[in-house]
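By convention here, the first residue in the shown sequence is residue 1.
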Amino acid sequence: MAQINATVGDIPGNVRKILETSARAREAKADLVIFPELSITGYPPEDLLLRASFIDRNLAAWEEVAREISGITAVVGFVDRDGKGRTYNAAGVAANGGSVGVYRKMHLPNYGVFDEMRYFQKGSEPLLVSVNGTRVGITICEDVWVSGGPVPREAKEGAGLIINISSSPYHAGKWRTRRDLVSSHAKRNRLPVAYCNMVGGQDELVFDGGSMVVDSSGEVIARAAMFEEELLVCDIWGREPHGPIAPIPRAEEEVFRALVTGTRDYIEKNRFPGVVIGLSGGLDSSIVAAVAVEALSSDRVLGVTMSSPYTSKESVQDAHALAANLGIRCIDLSITEVFDMFRSTLAEPFRNLASDSTEENLQARIRGTLLMAMSNKFGSMVLATGNKSEMSVGYATLYGDMAGGFAVIKDVFKTMVYRVSRWYNESHALEIIPERVFAKAPTAELKPNQKDTDTLPEYEVLDPILKLYVEQDKSIREMIEAGHDPDIVRQVVSMVDNSEYKRRQAPPGVKITPRALGRDRRMPITRRAET
């Protein structure tokens, strides 16, 4: 199982990786090597699939791969096209310098982040190929996620092994669902199943790998590591079928590694030299900086403090302590003079009007402007630091703290930010994120003595309600019946509904939960709110 990190659109680079990995598999004495879904084009190619020239280049690449494969059988994901110009999500089988079969995906997902019916036609026939005397049934991703898929048909037609090539996007804990799914197919059909998944980041999506082989009893006999490229070799038909079994990380490590993978590939594949982060001395910017250093190295991360009249000296101290612990450069800028100039300019139109969130948002927007100026000057990407709790309820400033090219923790609730940050310090056996950052009450520091709880419920109260409403579409009545305070529920629902226009303008960020803001949750901006 060739668990590779393919790049969307980099067809020549993906082909090189496929051929090099096939050669390594042949040297390892493997009979069969399988690659992830659409490994030639990268996944998901989205509207690139509407370009005939892109399909042509992909088909030429598949022909090249088929010609070059020898001494081993390879199953490779690509885009097939029929004589009528219809396209298919396909798996090509190559051996002895040519194609020996093509399977077309029979079940196309069209939910959540998937939109395959926009691009592909459904295949209609299963495919079995002979590999060193064993008949192997081929499936692609969604084919094993639906009942009545091709697996039972291929089993009845004499398959001795079922393979599934997949590009299954990550969300926390999904490895367990996949394992149970693959295991159930193996037990039901009394056949071993080999599941090969993509790894790497693509815009908001992360592919976590975790490729595996289960035997006919449903037991995992080989598993690749999560979030790493790997060639996993498994002897399925030996006297004692086996391969290496990578451990599963604990939940907080899993989320952290997903954030690192998504951030690294977003920056690297889009060829940014580094990143700029506004360091507030708070927890969100601290964990974003830690992710960035893990993803890129400390010399490619620049931290910036931007003090206002309301910034405490402790916040600046904590930001510098973090930067020193991470080994990143940190520069200090003051926004006080610029803030005073803005207020002076607006003094006449705002005459006789009390200060309110307008002045708070001015500070955030000044900071966003400074960060984007450094991005323009240095070519680095600004990483936004808002979390899912804030983004859900609109506790963020358009063109201010929402400014940036990538929002690392956009899909991480605040309570999970605390858990991941604690794990991060524990995993290093050091207080990299200063303890004072954990201890102090969350605050935007945009007015005297401000705390997040001036506007929001405690995060331990807020996050469970958001999970029910944002991720599970529960009604106000259902949430109240589940035991949540009626007034708080109505407040939270109102804030979520009234902030859709903000979220529509937010940068992309790593998908961590089963239903992320954005691609997973597509709400109209203009609508009547639930009462």
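A distance-only check finds no donor-acceptor pair linking the side chain of R515 to the backbone of Q472 [under 3.5 Å]. Using a distance-only test at 3.5 Å, with no hydrogens or angles considered, no donor-acceptor pair links the side chain of D265 to the main chain of Q202. In terms of modelled atom types and a separation under 3.5 Å, the side chain of K17 and the main chain of I4 share no donor-acceptor contact. Side-chain atoms of N425 come within 3.5 Å of backbone atoms of I432 as a donor-acceptor pair (strictly under, hydrogens ignored). A distance-only check finds no donor-acceptor pair linking the side chain of K388 to the backbone of L517 [under 3.5 Å]. Not a single donor-acceptor pair under 3.5 Å links the side chain of D284 to the backbone N or O of G386. When atom types are taken as modelled, the side chain of E64 and the backbone of A60 share no donor-acceptor pair closer than 3.5 angstrom. Remark: the backbone N or O of V275 is not paired with any side-chain donor or acceptor of R300 at under 3.5 angstrom. Between the K174 side chain and the P169 main chain, a donor and an acceptor come within less than 3.5 Å of each other. Side chain of N387 to main chain of F413: no donor-acceptor pair is present (N/O by atom type, distance under 3.5 Å, no hydrogens or angles).
Residues I287 and V408 are not in side-chain contact: their nearest non-hydrogen atoms beyond the backbone lie 4.5 Å or more apart. The shortest side-chain heavy-atom distance between D80 and T87 does not fall under the 4.5 Å cut-off. A heavy-atom distance below 4.5 Å is not found between the side chains of M523 and R503. Taking the side chain as every heavy atom from C-beta outward, V206 and F227 approach each other to under 4.5 Å.
The environment of NE2 in H428 is crowded: more than 12 heavy-atom neighbours from other residues, nucleotides or ligands sit within 6.0 Å. Other residues, nucleotides and ligands contribute at most 12 non-hydrogen atoms within 6.0 Å of the CZ atom of R51. For R190, the CZ atom counts as loosely surrounded, since its 6.0 Å shell holds 12 or fewer non-hydrogen atoms of other residues, nucleotides or ligands.
Atoms NE2 and OG, from H107 and S147 in turn, are 8.0 Å apart once rounded to the nearest 0.5 Å. Taking OG1 of T513 as the reference point, atom NE2 of H171 lies at 8.5 Å (rounded to 0.5 Å). Within the model, atoms CZ of R504 and OG of S499 stand 13.0 Å from one another, a figure rounded to the nearest 0.5 Å. The line from CZ of F207 to NZ of K511 is 10.5 Å long, rounded to the nearest 0.5 Å. Rounding to the nearest 0.5 Å gives a distance of 8.0 Å between CG of N110 and CD of E116.
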Practice problem: Check the pair R178 / D208 against salt bridge (charged side-chain N to carboxylate O under 4.0 Å, His left out), numbers first and verdict last. | Solution: CA-CA 12 Å; R178 297 195 199 106; D208 51 313; 2.8 Å; yes
Exercise. Apply salt bridge (charged side-chain N to carboxylate O under 4.0 Å, His left out) to R257 and E253, showing your working.
Key: CA-CA 6 Å; R257 292 177 65 186; E253 179 184 359; 3.7 Å; yes
Exercise. Show the numbers, then the answer: is there a salt bridge (charged side-chain N to carboxylate O under 4.0 Å, His left out) between D203 and R519?
Key: CA-CA 11 Å; D203 295 345; R519 289 179 62 148; 5.2 Å; no
Exercise. Evaluate the criterion salt bridge (charged side-chain N to carboxylate O under 4.0 Å, His left out) for residue pair R81 and D56; output intermediate values, then yes/no.
Key: CA-CA 9 Å; R81 184 170 59 195; D56 290 342; 2.6 Å; yes
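For the residue pair Y111 / E142, a side-chain donor-acceptor distance below 3.5 Å is found, with atom types taken as modelled. No hydrogens or angles considered: a donor-acceptor pair under 3.5 Å links the side chains of Y195 and S166.
Under the 30°/60° scheme for interplanar angles, the aromatic rings of F78 and W62 are found to lie parallel. In this pair, F114 and Y43 present their aromatic rings tilted. The plane angle is within the 30 to 60° band.
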